[in-house]
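Worksheet: the structure to be examined is printed underneath.
In this chain, numbering begins with 1 at the start of the sequence shown. Start at 1 and go down the list; that is how both ligands and their atoms are numbered.
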Amino acid sequence: MSNNLPSHGGTINSIDSSSSKNSLHNHLRNITGSTTSSNMPGNLHNPTSNHQPPSSQSSSSLTSSSNINGPLPDNEYEFPYCEDVNKYTKISKIGQGTFGEVFKAKHSKTRKLVALKKVLMENEKEGFPITALREIKILQLLKHENVVNLIEICRTSSTDPNYKATFYLVFDFCEHDLAGLLSNITVTFNLGEIKKVMQQLLNGLFFIHKQKILHRDMKAANILITRNGVLKLADFGLARAISDIRSDRYTNRVVTLWYRPPELLLGARNYGPPIDLWGAGCIMAEMWTRIPILQGNTELAQLQMITQLCGSITPEVWPGVEKLELFTKMDLGKSQRRRVKEKLKMFIKCDYALDLLDKLLILDPSKRLDSDSALNHDFFWSDPMPQDLGKLLSKYTSSMFEFTTPRRRAAPQAQAGGGPSAPGPHVYHPGHHPGGHQRGPPGRMGTQNSGGQYIDRVF
Ligand SMILES: Nc1ncnc2c1ncn2[C@@H]1O[C@H](COP(=O)(O)OP(=O)(O)OP(=O)(O)O)[C@@H](O)[C@H]1O
Ligand SMILES: [Mg+2]
């Protein structure tokens, strides 16, 4: 991480004042310079700028160079390293996140497809949001096949001197997100394909955890899949460096409620990679159930559902749990039996899959499987072996995203038979997963969502 960025809280000051304008400029120069991607066709940088960094320059040389920190002459406040978003033509809206909209777009000259994620200036007076800066800094660090690739940051421009630019994060475009694919009942994953999804997801987690980053918002909508079947972890808007979290100061109101692990629900502030592995377990089960398995509408209800599936939370199964802030405050009962395999076997006919799930959905985070051990589980090393997703996805010409997938009713009869891709009877997908986290209001729950569609529960 660069020393240029604040490590916690707040926003970069208003871009109106010249000093902070300068500071934002430096941050963005740092960011856009170091995200210069050699795989991006076309001329990414302003050809008229004297400061055009060579596209092959490494991120470390760009970020560590002392020339980025000095004051800038007035004529350089125009963000020469931050290109105009007009070089991309918007095609369609593909996402509506809590922090802004996401568009599919095309580079006007090269025709390369990208995703433009608008930076929501929540409070313009406070300048460029620290949350977006954090996401950018983390994405700069995480270059891996199973992590979404940030190409650059772009801005809008105007000749109006009072104009405030809008900024966009520009990503390599991925054709689908997992929530969109699971919403579409015609997309049936066989067991080998489910293994490939989970193997890539765990590979991505293994990498980011090795880089000491926690994702903190694992859910199917944040898992992207390219048309060639390559899975990418996305949405690092809530991600944090692990060292920042160890200080006991950080919020436990992260992770969309339905994927939130018991330690966060019980108030833990000193948490680590196991929080993302719980989410991986929820997503893995969803590969068969097609809808989120634990759909609580409050934190207490979420904990109760977890207890009904994973058994009562007691110091016997989870030594030290009594020290968590909310453990004594929540009456969750003590007599529930663990029923993970028993409840999921109506959907999942593979014993290795059930065993892996049982080990990912372990209440005590210190006993939960880590990504390395999960990748070594027999599930991935038994027949059928993980199978490329390219063939399956080549059948679908249009993209499937949580945001764009029409809410559709499943055809229960067509899915009967209990194969790996079969949803249970009467399963309807909600289309958009509610289940809020601290970035938005909790989703509506019950048997109907806001659109009057059914949302069935798995259990
Ligand atoms: N690179 C990409 N390629 C294709 N689609 C993308 C890409 N990045 C994001 N999307 C789509 O946009 C949606 C929202 O993006 P993202 O999750 O990054 O935004 P967000 O504002 O943080 O969302 P939320 O608050 O809902 O979690 C994703 O669920 C996905 O459908
Ligand atoms: Mg998201």
Side-chain angles (χ1 to χ4, degrees), residues 35 37 39-40 88 90-107 112-122 129 131-136 138-139 142-154 166-184 204 215-240 253-260 276 279 283 286 292 393 396 398-406 430-443:
T35 53
S37 166
N39 64 8
M40 177 69 188
Y88 297 104
K90 280 182 187 165
I91 297 172
S92 59
K93 183 165 162 177
I94 51 174
Q96 173 67 69
T98 324
F99 281 150
E101 300 159 294
V102 181
F103 299 90
K104 178 180 181 180
K106 194 180 259 186
H107 190 284
K112 180 184 166 79
L113 291 173
V114 296
L116 300 177
K117 183 170 173 177
K118 191 172 175 179
V119 174
L120 189 72
M121 297 296 202
E122 282 158 286
T131 44
L133 279 177
R134 190 181 289 134
E135 181 172 2
I136 294 164
I138 286 175
L139 283 161
L142 300 177
K143 295 295 171 192
H144 186 268
E145 177 166 49
N146 298 124
V147 175
V148 68
N149 181 44
L150 176 68
I151 301 168
E152 61 174 337
I153 316 297
C154 280
T166 301
F167 293 88
Y168 288 87
L169 275 60
V170 185
F171 294 97
D172 282 341
F173 179 71
C174 302
E175 274 67 22
H176 312 285
D177 71 36
L178 189 56
L181 288 169
L182 292 174
S183 300
N184 190 331
H215 186 280
R216 306 204 305 181
D217 199 12
M218 292 294 288
K219 59 175 176 177
N222 289 340
I223 308 295
L224 306 177
I225 303 190
T226 70
R227 62 193 304 192
N228 299 323
V230 181
L231 178 147
K232 314 269 180 187
L233 301 182
D235 193 356
F236 286 78
L238 280 178
R240 276 294 180 92
R253 292 187 61 81
V254 285
V255 186
T256 302
L257 187 57
W258 295 348
Y259 300 81
R260 201 177 298 168
D276 290 335
I283 294 169
E286 206 171 321
L393 297 175
Y396 302 95
S398 47
S399 283
M400 282 168 261
F401 294 112
E402 181 183 59
F403 179 73
T404 53
T405 302
H432 296 248
H433 298 182
H437 45 66
Q438 98 295 358
R439 290 196 285 175

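Residue F171 approaches ligand 1 through these ligand atoms, each under 4.0 Å from one of its heavy atoms: 1 (N). Interface of A115 with ligand 1, defined as ligand atoms under 4.0 Å from a residue heavy atom, comprises 1 (N), 2 (C), 3 (N), 7 (C). Proximity to N222 (heavy-atom distance under 4.0 Å) selects the following atoms of ligand 1: 17 (O), 27 (O). Below 4.0 Å from some heavy atom of V148 lie the following atoms of ligand 1, by number and element: 1 (N). Listed by atom number, the atoms of ligand 1 under 4.0 Å from V102 heavy atoms are 9 (C), 10 (N), 12 (O), 14 (C), 15 (O).
The side-chain heavy atoms of F401 and V102, taken from C-beta on, include no pair separated by under 4.5 Å.
R134 places no side-chain N or O within donor-acceptor distance of the main-chain N or O of G237, the cut-off being under 3.5 Å. K232 contributes a side-chain N or O that, together with a main-chain N or O of E145, makes up a donor-acceptor pair within less than 3.5 Å. Between the side chain of D276 and the backbone N or O of H215 there is at least one donor-acceptor pair closer than 3.5 Å. Within the 3.5 Å criterion, the main-chain N or O of A179 finds a donor-acceptor partner in the side chain of D177. Panel note: side chain H176, backbone M400; a donor-acceptor pair is recorded below 3.5 Å. Judged by distance alone, the side chain of R216 and the main-chain N or O of L238 form a donor-acceptor pair under 3.5 Å.
Residue L224 touches ligand 1 through its side chain alone, judged by heavy-atom distances below 4.0 Å. With a 4.0 Å cut-off on non-hydrogen atoms, K104 does not touch ligand 1 at all. Contact annotation for E175 and ligand 1: no heavy atom of the residue comes within less than 4.0 Å of the ligand. Residue contacts with ligand 1 for D172 involve N, CA, C or O but no side-chain atom from C-beta outward (heavy atoms, distance under 4.0 Å).
Checking only distances, F401 never comes within under 3.5 Å of ligand 1, N or O to N or O. Checked by distance only, ligand 1 and D235 come closer than 3.5 Å through their nitrogen or oxygen atoms. Backbone and side-chain nitrogen or oxygen atoms of D177 are examined, and one is located within less than 3.5 angstrom of a nitrogen or oxygen of ligand 1. Some N or O of A221 is nearer than 3.5 Å to an N or O of ligand 1, by distance alone. Below 3.5 Å of separation, one finds an N or O of K117 facing an N or O of ligand 1.
Because the distance cut-off is set at 2.8 Å, D235 qualifies as a neighbour of the Mg ion (ligand 2) through one of its N, O or S atoms.
The shortest heavy-atom distance from K219 to ligand 1 is under 4.0 Å.
For L113, the side-chain contact (heavy atoms from CB on, under 4.5 Å) partners are I91, K104, K106, F173, not counting sequence neighbours. Residues satisfying the side chain to side chain donor-acceptor pair (under 3.5 Å) criterion with K90, sequence neighbours excluded, are Y168.
The only option from D172, L169, L139 that meets the side-chain contact (heavy atoms from CB on, under 4.5 Å) definition with I151 turns out to be D172.
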